[in-house]
Structures are given as structure tokens and as C-alpha cells.
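Read through the structure below, which is laid out as C-alpha cells, and then see the notes.
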Amino acid sequence: MKKIMLIFGTRPEAIKMCPVVKELKTRSNFKTIVCVTGQHREMLDQVLETFEIEPNYDLSIMQKNQTLFDITTNILNKIKNVLEKEKPDIVLVHGDTSTTFVTALACFYLQIPVGHVEAGLRTYDIFAPYPEEFNRQAVGIISQFNFAPTEKAKQNLLNEGKNPKSIYVTGNTVIDALKTTVHKDYSHPELDWAKDSKLIFITAHRRENLGKPMHNMFRAIRRVMNEFGDLKALYPIHMNPIVRQAADEELGNFDRIHIIDPIEVFDCHNIMARSFLILTDSGGIQEEAPSLGKPVLVMRDKTERPEGINAGTLRLVGTNEDTIYNNFKELLTDHIAYERMSKASNPYGDGHASERIANILTENL
Ligand code: UD1
Ligand code: UDP
């Protein structure tokens, strides 16, 4: 029996890896082991609880205001023992976080094969997003199995000279999760609060946006909220204290903006599905919104998710205050522009990505 170890550590990795864990656990040909680094604590645990997954190992590395050095060295030091003890036949990592990069590096040092879920996303600017673009490119050098969510991601890997036999287009596992979460008869106190208004859904956390760019975003949002009395905004805020302080300074004391703790993924998907517009710098939300048919203003200069732009759902607006303000306002006043962005389309898969990954591993391990 082959031993598969899944290692992840942050909220988005957990949301996208839990469906893979669930699927692998149904397969009797594998022993499936889960190790979390705990790069995130509360936000990770929230997802593990939702999917009812109890990790076999928890490295518990999170520190308040951790630096990239902290994350990298703490994971590298702690993961060696786990890998040496378990000797997995393959380790699956996800996406582009520091957990992902450091885990792949540790596997390379120990010569353990790596499978990369959500492989091949690229901006080709290693500072945007930072450090994620570097992380995913580096994992791409190490991984033997590349599970690309789309043809475009596969093409990126082929252009880089990757062995075509190592690349499989599977769809994105986030769609597997999304298929099970959104329900017609959903209710939430925040939706009741916003029921007579247009609901604006906000998230922001990117490392390269901390500081001035993030203040710009929040100022633009506040200006528009001030001008349009029929808006209410819900902002489930990331646990990062720097983000929290900026949001408090710029968006605090505004009765039509609710800043709340991170919400369960089930609530998040259902609330996004009922919102009017999304403003975010998140990666995963850019993948979920096209399926939900919700326009997204992406507060970044570059995206590794061009499929959502091509689908018409995403618009890159950068982090300049006036540009965000103008784009936000346009979607409130120009119905045609809004409608053009609201068409549901699904460039990221059919909800069976985890099944495909398990099948590929069954055939090739
Ligand atoms: C990390 C990833 C990023 C991913 C994001 C998803 C890296 C370098 N960054 O960024 O790619 O998009 O997660 O959210 O891998 N904190 C808590 N509790 C939590 C989570 C975070 O208190 O549950 C606080 C801590 O003070 C922590 C800080 O947030 O030090 C930042 O967390 P960190 O994982 O370093 O960076 P993120 O911005 O979350
Ligand atoms: N999300 C969530 N609760 C929240 C905010 C976001 O469950 O309060 C989900 C969201 O639906 C998406 C994922 O978290 O699936 C995105 O995570 P994040 O923005 O932290 O990271 P990124 O995708 O940018 O790496």
C-alpha cells in the first residue's frame, strides 16, 4: 500500500486540500496521512473543523507577525523528523504559500517525490504576488506530479520545459469545495442586516499590499460607501494584526461597514453568492467568483488567474486609490458594465478535481 502525505498550513491550502484528503481516504489502495504546519492557527483550524479532518501531525509554527524567515526556518526544522519517520511515497503540497515551498524543499533534501496541486499558475514577476510567485515557480522545479487546474496553467509548465508526462489538467479543487457549500435556503444574520441594501463583500491580506497600498484600498472603499447610501459592506477580516490595524484606522466607526472575524468557508461561499460585488486581493476568491457570477474588483497589479479576466468576471484595478474608487463607482452606476461582469462561467473545473488526482495517483504511483 502506498503512503501519501498531504502537507498544508494556511486557510486557502486547507480549503483546497481537504477535498483531496477526503477523496484519498475513500481509496483503500492508499494510506493517507495529513500533516499541518500551522502557519495559520485559527483560520486553519476553522477549515479543518468544517471538513472534519484531524491531522496526524501539527507543527504549530505560527507566531504573531511572523516573518518569511520565521516561517521558513521553523517549518524546515520541524518537518524533517516527520518526513523521516513516515517515509511517504509521495508528498502532496498545494499552491504557493511558504508552507508549500518549504515542504517541497524539505522533500527535495530527503529525495521524497512531490505532487503539486494547483501547479502552473504564473505572473512571471517574482515580486507580485510576493513571495507566492517565487514559491510556486520553485515548487515547479521540484515536483514530479503537476496537477494543473486549467489548460493555461498546463501551457505555462510546458513553456518552461516541464516533462509533459508530469502534467495533468484536473480542474481546481476549490470548485470541488464550492459545489458542496452553496445552498438555496441559506440565511445568516449579516445577510438579514444587509437585506435592503446592495451587499459589498471585502477581503484583503496580501503581503505586498501591507502599508500604503492597503490604506489606499480602504480609503477608496470608504469614499464610495460615503457617496452611496444604499450600500452595506461585509468585511470578514484576516487575523493579521497589520491588516486589522489598517482596516480599523480607515474603515472603523462606519455603521454600514461590518468588520467581522474570519467566517467559515460555508458561510463565505454562501454570502459571496448573495453579494452584489466583491473587492479583494485574494487568490482563491478570484477562482470562486466566476462560478458564482459575481463581479470582482481585484486590488492588485497582476493576477495569475487570467481565466477569470477572460471570463469577464474579474477586473484588475491595482492599488491606486482613485483607480479603485472610479472602478467601484462605475459598477454601481453603469448597469451594462455590471451585467457584463455578472455572467456565471466556470473556467476552473467541474468539481471532480480531487477524484482525478486520486485516479492519477492510483495509476502512476
Ligand atoms: C499567507 C500566505 C499567502 C496566502 C495567505 C492566505 C505566505 C508567505 N503567505 O499569508 O500566500 O495567500 O496566507 O490567507 O505563505 N494570523 C493569525 N491567525 C491565523 C492566521 C494568521 O493570528 O489563523 C496572523 C499572525 O499574526 C501571522 C500573520 O497573521 O503572523 C500573517 O500570517 P502569514 O501566514 O505569515 O501570512 P498571510 O498574510 O496570512
Ligand atoms: N474565506 C473564508 N472565510 C473568510 C474569508 C475567506 O473561508 O472569512 C475563503 C474564501 O472563500 C477562499 C479562501 O478563503 O476560499 C481564500 O483565502 P485567502 O484569501 O486567505 O487566501 P488566498 O486565496 O489569497 O491565498
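Note that ligands are numbered from 1 as they come in the structure, with each ligand's atoms numbered from 1 the same way.
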Practice problem: I would like to know whether Asp322 and Arg223 meet salt bridge (Lys or Arg N to Asp or Glu O under 4.0 Å); could you show each step before the answer? | Solution: CA-CA 10 Å; Asp322 285 337; Arg223 271 167 67 193; 3.0 Å; yes
Quiz item: Could you go step by step and tell me if Glu287 and Arg305 meet the salt bridge (Lys or Arg N to Asp or Glu O under 4.0 Å) rule?
Solution: CA-CA 7 Å; Glu287 293 155 346; Arg305 275 119 174 148; 2.7 Å; yes
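The protein non-hydrogen atom at the shortest distance from atom 19 (C) of ligand 1 is Glu42 OE1, 3.3 Å. Counting protein heavy atoms only, atom 8 (C) of ligand 1 is closest to Ser98 OG, 3.1 Å. Looking from atom 26 (O) of ligand 1 to the surrounding protein, the closest heavy atom is Asn65 N, 3.0 Å. Summary of contacts: the protein heavy atom closest to atom 36 (O) of ligand 1 is Arg207 NH2, 3.4 Å. Ranking protein heavy atoms by distance to atom 17 (C) of ligand 1, first place goes to Met239 CB, 3.2 Å. The protein heavy atom nearest to atom 25 (O) of ligand 2 is Pro12 CG, 3.3 Å. Counting only heavy atoms of the protein, atom 31 (C) of ligand 1 lies nearest to Asn240 ND2, 3.8 Å. For atom 13 (C) of ligand 2, the closest non-hydrogen atom of the protein is Ile15 CD1, 3.7 Å. For atom 5 (C) of ligand 1, the nearest protein heavy atom (residue, atom name, distance) is His205 CE1, 3.5 Å. In terms of protein heavy-atom proximity, atom 10 (O) of ligand 1 is closest to His40 NE2, 4.2 Å.
Below 4.0 Å from some heavy atom of Arg41 lie the following atoms of ligand 1, by number and element: 19 (C), 23 (O). Of all the atoms in ligand 2, the ones that sit under 4.0 Å from a non-hydrogen atom of Ile263 are 2 (C), 3 (N), 4 (C), 7 (O), 8 (O). Every atom of ligand 1 is numbered from 1 in the order shown, and the set under 4.0 Å from a heavy atom of Ile71 is 35 (O). Listed by number with element, the atoms of ligand 1 under 4.0 Å from a non-hydrogen atom of Gln63 are 25 (C), 26 (O), 27 (C), 30 (O). The distance from ligand 2 to the heavy atoms of Gly283 drops below 4.0 Å at these ligand atoms: 22 (P), 23 (O), 24 (O). Atoms of ligand 1 lying under 4.0 Å from at least one heavy atom of Pro131, given by number and element, are 8 (C). Which parts of ligand 1 touch Met43 is read off a 4.0 Å heavy-atom cut-off, strictly below it: atoms 19 (C), 20 (C), 23 (O). Close approach of ligand 2 to Val265 (heavy-atom distance below 4.0 Å) involves ligand atoms 7 (O). Those atoms of ligand 2 with a heavy atom of Gly284 less than 4.0 angstrom away are 22 (P), 23 (O). Every atom of ligand 1 with a heavy atom of Thr97 under 4.0 Å away is listed here by number and element: 11 (O), 15 (O). Taking a cut-off of under 4.0 Å to the non-hydrogen atoms of Pro236, the atoms of ligand 2 that pass are 8 (O).
At least one N or O atom of Ser282, backbone or side chain, sits closer than 3.5 Å to an N or O atom of ligand 2. The distance criterion of under 3.5 Å between nitrogen or oxygen atoms is not met by Ile285 with respect to ligand 2. Remark: ligand 1 and Thr99 share no N or O pair separated by less than 3.5 Å (distance only, no angle test). Considering backbone and side-chain N/O of Met272, none are found under 3.5 Å from N/O of ligand 2. For ligand 1, one of its N or O atoms has an N or O atom of His238 under 3.5 Å away. Considering backbone and side-chain N/O atoms, Gln66 comes within less than 3.5 Å of an N/O atom of ligand 1. Where the criterion is an N or O separation shorter than 3.5 Å, residue side chain and backbone included, Glu132 meets it with respect to ligand 1. Polar contact with ligand 1: absent for Arg11 (N/O pair, distance under 3.5 Å).
Nearest heavy-atom pair, Val169 versus Pro149, reported as atom, atom and distance to 0.1 Å: CG1-O, 4.0 Å. Counting all heavy atoms, side chain and backbone alike, Leu332 lies closest to Lys198 at O-NZ, 4.2 Å. Residues Tyr235 and Val243 share a closest heavy-atom pair of OH-CG1, 3.5 Å.
The backbone N or O of Thr170 sits less than 3.5 Å from a side-chain atom of Arg356, completing a donor-acceptor pair. Put simply, the side chain of Lys232 gets close to the backbone of Trp193: a donor and an acceptor are under 3.5 Å apart. In terms of modelled atom types and a separation under 3.5 Å, the side chain of His116 and the main chain of His94 share no donor-acceptor contact.
Considering Ile202, Leu297, Val296, Leu314 in turn, Val296 is the only one that fulfils the side-chain contact (heavy atoms from CB on, under 4.5 Å) rule with Thr280.
Considering only non-hydrogen atoms, atom 10 (C) of ligand 2 lies nearest to Glu288 out of Glu288, His205, Arg206, Arg11. With Met62, Arg136, Gln39 as candidates, the residue nearest to atom 22 (O) of ligand 1 on a non-hydrogen basis is Met62.
When ring centroids are compared, Phe218 and Phe254 stay outside the 6.0 Å threshold.
Transitive grouping of hydrophobic side chains (ILVMFWY, heavy atoms separated by less than 4.5 Å) keeps Met239 and Ile260 in distinct clusters.
Relative ring orientation between His238 and His40 is described as perpendicular, the plane-to-plane angle rising above 60° on a 0-90° scale split at 30° and 60°.
At a 4.0 Å heavy-atom cut-off, ligand 1 touches Pro241 through the side chain alone. Looking at Cys268 against ligand 2, only its side chain comes within 4.0 Å, counting heavy atoms. Within the 4.0 Å heavy-atom criterion, the part of Leu68 lying near ligand 1 is the side chain and not the backbone. Contact annotation: for Pro12 versus ligand 1, heavy atoms closer than 4.0 Å belong to the side chain alone.
With sequence neighbours excluded, the residues satisfying side-chain hydrogen bond (donor to acceptor under 3.5 Å, both in side chains) with Glu23 are Arg27.
Two residues are said to be in side-chain contact when any heavy atoms from C-beta on lie closer than 4.5 Å; Arg122 and Arg136 meet this criterion.
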